[in-house]
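Below: one structure, written as structure tokens.
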Amino acid sequence: QVQLQESGGGLVQAGESLRLSCAASGRSVNINSMGWFRQAPGKEREYVASITWRTGSPTYAESVKGRFTISRDYAKNTVSLQMSNLKPEDTAIYYCAAVPYGGQKCWGQGTQVTVSS
């Protein structure tokens, strides 16, 4: 089974930056895409960004375009989310997700990002 481990969450002030990382591991992992979702208390889990593994083509939610950058390290099976100009509304638990070829979406356990105003 694919295992995902997020890291890099923390507490920052509005306007600051933070970088999240997610490492995928598991025997014979063939990743179609990886991405990030987030969930704030009382809200539904929200799509943030994703990236195709083969081409590295990124996609972003409108709310983070221009502020967040997703990237991947093909050799290491890792994905990163560089978050800039953070806003209090970005506060959430951020979950890494991976979609293997021919498989089910896998989730990490989440990392807390808190942005103070």
Side-chain angles (χ1 to χ4, degrees):
Q1 186 178 4
V2 177
Q3 296 180 345
L4 302 175
Q5 180 65 61
E6 302 100 332
S7 62
L11 173 64
V12 297
Q13 293 183 325
E16 294 183 339
S17 299
L18 200 61
R19 184 178 180 88
L20 306 181
S21 295
C22 174
S25 62
R27 183 69 175 173
S28 300
V29 174
N30 290 306
I31 298 170
N32 189 341
S33 62
M34 292 185 69
W36 293 91
F37 292 72
R38 66 188 182 186
Q39 188 167 21
K43 298 185 66 177
E44 296 180 357
R45 188 166 296 188
E46 175 190 26
Y47 171 83
V48 176
S50 60
I51 189 166
T52 63
W53 218 246
R54 183 177 64 85
T55 64
S57 179
T59 303
Y60 300 95
E62 288 294 328
S63 60
V64 305
K65 281 184 178 179
R67 299 189 299 120
F68 291 10
T69 302
I70 190 169
S71 61
R72 58 96 165 90
D73 188 321
Y74 190 87
K76 294 182 178 180
N77 285 340
T78 60
V79 64
S80 297
L81 186 69
Q82 178 66 45
M83 305 183 294
S84 299
N85 191 25
L86 283 162
K87 304 175 180 180
E89 51 262 43
D90 295 319
T91 295
I93 300 175
Y94 283 70
Y95 295 92
C96 179
V99 181
Y101 284 103
Q104 300 267 61
K105 182 184 292 181
C106 301
W107 296 95
Q109 300 209 17
T111 184
Q112 178 71 48
V113 173
T114 303
V115 184
S116 62
S117 59

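Treat the numbers as computed from the prediction; the structure is a model and nothing was measured. Computed from heavy atoms alone, side chains included, the values below leave out hydrogens, waters and symmetry copies.
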Taking all non-hydrogen atoms of both residues into account, name the closest pair between [X] and [Y] and its distance.
{"X": "P100", "Y": "V2", "value": "CG-CG2, 4.3 Å"}
{"X": "R67", "Y": "L86", "value": "NH1-CA, 3.9 Å"}
{"X": "L81", "Y": "A49", "value": "CD1-CB, 4.2 Å"}
{"X": "N85", "Y": "D90", "value": "O-OD2, 4.4 Å"}
{"X": "Y94", "Y": "E6", "value": "O-OE2, 4.0 Å"}
{"X": "A92", "Y": "A40", "value": "CB-N, 3.8 Å"}

If you measure from [atom1] on [X] to [atom2] on [Y], what distance do you get to the nearest 0.5 Å?
{"X": "C22", "Y": "D73", "atom1": "SG", "atom2": "CG", "value": "12.5 Å"}
{"X": "E89", "Y": "K43", "atom1": "CD", "atom2": "NZ", "value": "9.0 Å"}
{"X": "T111", "Y": "L20", "atom1": "OG1", "atom2": "CG", "value": "6.0 Å"}
{"X": "L4", "Y": "C106", "atom1": "CG", "atom2": "SG", "value": "6.0 Å"}
{"X": "Q13", "Y": "S117", "atom1": "CD", "atom2": "OG", "value": "9.5 Å"}
{"X": "K105", "Y": "N32", "atom1": "NZ", "atom2": "CG", "value": "11.5 Å"}

Verify the ring-centre separation between F37 and W107: is it less than 6.0 angstrom?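 When the ring centroids of W107 and F37 are compared, they turn out to be within the sub-6.0 Å range.
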
Does some side-chain heavy atom of [Y] sit less than 4.5 Å from a side-chain heavy atom of [X]?
{"X": "R19", "Y": "S80", "answer": "yes"}
{"X": "M34", "Y": "W53", "answer": "yes"}
{"X": "E46", "Y": "S63", "answer": "yes"}
{"X": "W36", "Y": "C96", "answer": "yes"}
{"X": "V12", "Y": "S116", "answer": "no"}
{"X": "S57", "Y": "T52", "answer": "yes"}

Shared hydrophobic cluster for [X] and [Y] (ILVMFWY, side-chain gaps under 4.5 Å):
{"X": "Y74", "Y": "I70", "value": "yes"}
{"X": "Y47", "Y": "I93", "value": "yes"}
{"X": "I31", "Y": "V99", "value": "no"}

Think R38 forms a cation-pi with Y95, using NZ or CZ under 6.0 Å from the six-ring centre and within 45 degrees of its axis?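 No, R38 and Y95 do not form such a contact.
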
Counting heavy atoms not belonging to Q112, are there more than 12 under 6.0 Å from its CD?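 Yes, the 6.0 Å shell around CD holds more than 12 heavy atoms from other groups.
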
Answer yes or no: does atom CD of Q109 have more than 12 heavy-atom neighbours from other residues, nucleotides or ligands under 6.0 Å?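 Result for CD/Q109: open.
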
For a side-chain contact (heavy atoms from CB on, under 4.5 Å) check, start with the C-alpha distance between I51 and T59, then their side-chain angles and the critical distance, and finish with the verdict. CA-CA 6 Å; I51 189 166; T59 303; over 6 Å; no

